[in-house]
A.B. asks: 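Sharing a structure, written as C-alpha cells. Questions coming.
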There are 2 protein chains.
Amino acid sequence: MENRVERIKKQLHEQSYKLTPQREATVQVLLENEEDHLSAEDVYLLVKEKAPEIGLATVYRTLELLNELEVVDKINFGDGVSRYDLRKEGASHSHHHLVCIECGTVDEIQEDLLAEVEKIVEKDYQFKVKDHRLTFHGVCHRCQAKAKKNEESAEAASLHTN
Amino acid sequence: MENRVERIKKQLHEQSYKLTPQREATVQVLLENEEDHLSAEDVYLLVKEKAPEIGLATVYRTLELLNELEVVDKINFGDGVSRYDLRKEGASHSHHHLVCIECGTVDEIQEDLLAEVEKIVEKDYQFKVKDHRLTFHGVCHRCQAKAKKNEESAEAASLHTN
DNA sequence: ATAAAAACGATAACCATTCTCAGTTTAAAA
DNA sequence: TTTTAAACTGAGAATGGTTATCGTTTTTAT
Ligand SMILES: [Mn+2]
Ligand SMILES: [Mn+2]
Ligand SMILES: [Zn+2]
Ligand SMILES: [Zn+2]
C-alpha cells in the first residue's frame, strides 16, 4: 500500500504537481476506504482526523486533481452529491456498480463485461470508445435473502393460524 | 403523436394525477425534442413559448412526476444539471448514450446490448436487475471524420514544402 | 537569501433544485 | 348547478453542494 502512494506521487510529479501533506492525507483516506463511494464532505471529515487544519476547498481541489489524473472517478448516483471512487491501479476504465433500490447499498463489479458491447459500438456507431459508465439498479443479494426469509416466516405463521 | 399524449394522460389518471395545461405543454415540449437531452431550464424556456405564465417550479414538479411514472429518465452527464430524456413508449429500461469528449454531442443507442451482461450479473452477483445506465465516453463519428480530414490536408501541405 | 510560482484556509458567491405559501383550478359530491 | 376538498400553481425565499476569491503560507528555482 505504501508504494501505491509513491506511484501516485510520481504521477503527480510527472505533470509537475506536488504531493503536499494535505494531498497525501487525502489519498490515504481514499486508499483506506477503497470499497466506499465517499462524497467530498465524507472525505473532508475523514481527512480532518489526520490533518485537522485542512480546508474543505483543498479537499475539493485535490479530488478534482485526482480525477484529472484518473486516479479517482467522479461519479454521480443521483443523490445530489458527487462521489469519488478510487480506480484499481492501472485500470484503463472505470468499474461498474450495482445500486440497490431497497437499501441503497452500492456494490462493485471489477470484471470488464463490456468488451463485446464496445466492439459493437465501435463498429456499428463508428464511435471510438475511451471509457464508460455502467450502473445497474435493482435488488442486492442481501435484500433478496431478507425478502425470502420474511416470506417464509409469513407462511409459517399462516400455517399456524389455519 | 397525439395518442401518445392521450396515453400519458391515462397513465396520470391511473395514479389520480391530472393532466393540467401546464403538464400537457411540458409533455408536448418533450415530445417535440425527443432526440435531445434537455435540462429543466431548457424545458422551461421552451414551454414558456407555449404557456408564458408557467413557473419554473411547476416545470421541475412535472419533470419529477414524469420521472416517477417512467415517462422520462432523469440523467446526469456530469455537467452540473439533470437532464430529462423521454423513454421510448413501453420501454422497460433506459437506453444508452454516446458522449463525445471532443464536441460534447450526445448520441443515443436504442438497442439493448446488455442482455448477456445482465444474465451474468444476476447469476454471479445474485443481483436482480431492474434497470441500468450505460454511457460511453469517446470520439463520435463526426469528430473522427474531421480529424482524419485535417490529417490529410496536413500531409498534403507537408508534401508541398518538401 | 530572494523572488516567482503553487498551494492553502476561510469564507463569500454561485446556482441548480427544493420548499413555502397564498391563491387558483379541478373533479367529485351534494 | 352550487359546494367543497383536494390537487395544483406561480413567485420567490431557502437550501446546499460546489466554485471563486483573496490574503497568507509553502515550495522551488535563481
Ligand atoms: Mn466503485
Ligand atoms: Mn437519450
Ligand atoms: Zn439491498
Ligand atoms: Zn464529436
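Order of the sequence lines fixes the chain letters, A, B, ..., with proteins taken first and strands second; residue numbering starts at 1 for each chain. Bear in mind the structure is a predicted one, so any value in this text is a computation, not a measurement.
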A.B. asks: Does A/Glu35, at its CD atom, have more than 12 non-hydrogen atoms belonging to other residues, nucleotides or ligands within less than 6.0 Å?
C.D. replies: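 12 or below, so no.
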
A.B. asks: Does D/dT26 have its OP1 or OP2 closer than 4.0 Å to a side-chain nitrogen or oxygen of A/Gln22?
C.D. replies: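 A/Gln22 to D/dT26 OP1/OP2: no side-chain N or O under 4.0 Å.
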
A.B. asks: Expressed in angstrom and rounded to an integer, what is the separation of B/Lys9 atom NZ from D/dA7 atom P?
C.D. replies: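 Between P of D/dA7 and NZ of B/Lys9: 18 Å.
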
A.B. asks: Does OP1 or OP2 of C/dT17 have a side-chain N or O of B/Tyr60 closer than 4.0 Å?
C.D. replies: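 It does, given that an N or O in the side chain of B/Tyr60 lies less than 4.0 Å from OP1 or OP2 of C/dT17.
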
A.B. asks: Rounded to the nearest angstrom, tell me the gap between atom CD in B/Glu24 and atom P in D/dC8.
C.D. replies: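 Rounding to the nearest Å, CD of B/Glu24 and P of D/dC8 are 15 Å apart.
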
A.B. asks: Just verifying a value: how many Å separate B/Thr20 OG1 and B/Ile54 CD1, rounded to the nearest 0.5 Å?
C.D. replies: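 The CD1 atom of B/Ile54 is 7.5 Å from OG1 of B/Thr20, to the nearest 0.5 Å.
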
A.B. asks: For A/His97 and A/Asp85, test the side chains for any donor-to-acceptor distance below 3.5 angstrom and give the result as yes or no.
C.D. replies: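 On atom types as modelled, these side chains qualify, holding a pair under 3.5 Å.
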
A.B. asks: Please state how far atom CZ in A/Arg23 lies from atom P in D/dT27, giving the value in whole angstrom units.
C.D. replies: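 My rounded result for the distance is 12 Å.
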
A.B. asks: Looking at A/Thr58, is its backbone amide N or carbonyl O close enough to the side chain of A/Gln22 to form a donor-acceptor pair, meaning the two atoms are under 3.5 Å apart?
C.D. replies: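 No.
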
A.B. asks: Tell me: CD of B/Glu68 to C1' of C/dT18, nearest whole Å?
C.D. replies: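 That distance rounds to 14 Å.
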
A.B. asks: If you look at every strand shown and take non-hydrogen atoms under 4.0 Å, does A/Glu41 touch a base, only sugar-phosphate, or nothing?
C.D. replies: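 If one applies the 4.0 Å heavy-atom cut-off, A/Glu41 turns out to touch nothing in the nucleic acid.
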
A.B. asks: Could you state the atom-to-atom distance from CG of B/Asp42 to C1' of C/dC15 in whole Å?
C.D. replies: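 To the nearest whole Å, that distance equals 15 Å.
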
A.B. asks: Return the value, rounded to whole Å, for the distance between atom CG of A/Leu63 and atom P of D/dT19.
C.D. replies: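 These atoms are roughly 10 Å apart.
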
A.B. asks: How many angstroms lie between OG in B/Ser94 and CG in B/Leu134, if you round to the nearest 0.5 Å?
C.D. replies: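 The OG atom of B/Ser94 sits 9.0 Å away from the CG atom of B/Leu134.
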
A.B. asks: Identify which one of A/His141, A/Arg142, A/His96 satisfies the side-chain hydrogen bond (donor to acceptor under 3.5 Å, both in side chains) criterion when paired with A/Asp107.
C.D. replies: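 Result: among A/His141, A/Arg142, A/His96, A/Arg142 is the only option passing the side-chain hydrogen bond (donor to acceptor under 3.5 Å, both in side chains) with A/Asp107.
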
A.B. asks: In whole angstrom, give the distance that lies between atom CG of B/Leu56 and atom P of D/dA14.
C.D. replies: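 Taking CG of B/Leu56 and P of D/dA14, I get 17 Å after rounding.
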
A.B. asks: Counting only non-hydrogen atoms, which of residues 76-84 of chain B are less than 4.0 Å from DNA chain D?
C.D. replies: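 Result for residues 76-84 of chain B: none.
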
A.B. asks: State plainly whether one hydrophobic cluster holds both B/Leu114 and A/Val99, where clusters connect Ile, Leu, Val, Met, Phe, Trp and Tyr through side-chain heavy atoms under 4.5 angstrom apart.
C.D. replies: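 Each belongs to a different hydrophobic cluster.
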
A.B. asks: Got a donor-acceptor contact below 3.5 angstrom from the B/Glu108 side chain to the B/His95 backbone?
C.D. replies: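 Looks like no, no N/O pair under 3.5 Å.
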
A.B. asks: How many Å lie between OH on B/Tyr17 and P on C/dA27, as a whole number?
C.D. replies: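 Whole-Å distance recorded here is 16 Å.
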
A.B. asks: If you count the non-hydrogen atoms of other residues, nucleotides and ligands that lie under 6.0 Å from NZ in A/Lys128, is the total more than 12?
C.D. replies: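 No.
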
A.B. asks: Short of 4.0 Å, heavy atom to strand atom, which residues of residues 44-55 of chain A count as contacting DNA chain D?
C.D. replies: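 The stretch gives none, as no residue of it lies under 4.0 Å from the strand.
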
A.B. asks: Treating A/Arg83 as the side-chain partner and A/Phe77 as the backbone partner, does any N or O pair qualify as donor plus acceptor under 3.5 Å?
C.D. replies: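 No, the answer is negative, given that no donor and acceptor are paired below the 3.5 Å cut-off.
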
A.B. asks: Could you run down the sub-3.5 Å N/O contacts of the protein with nucleotides 21-26 of chain C?
C.D. replies:
none

A.B. asks: B/Glu118 and B/His93: side chain to side chain contact (heavy atoms under 4.5 Å, CB included), yes or no, with the steps?
C.D. replies: CA-CA 12 Å; B/Glu118 290 191 357; B/His93 50 67; 5.5 Å; no

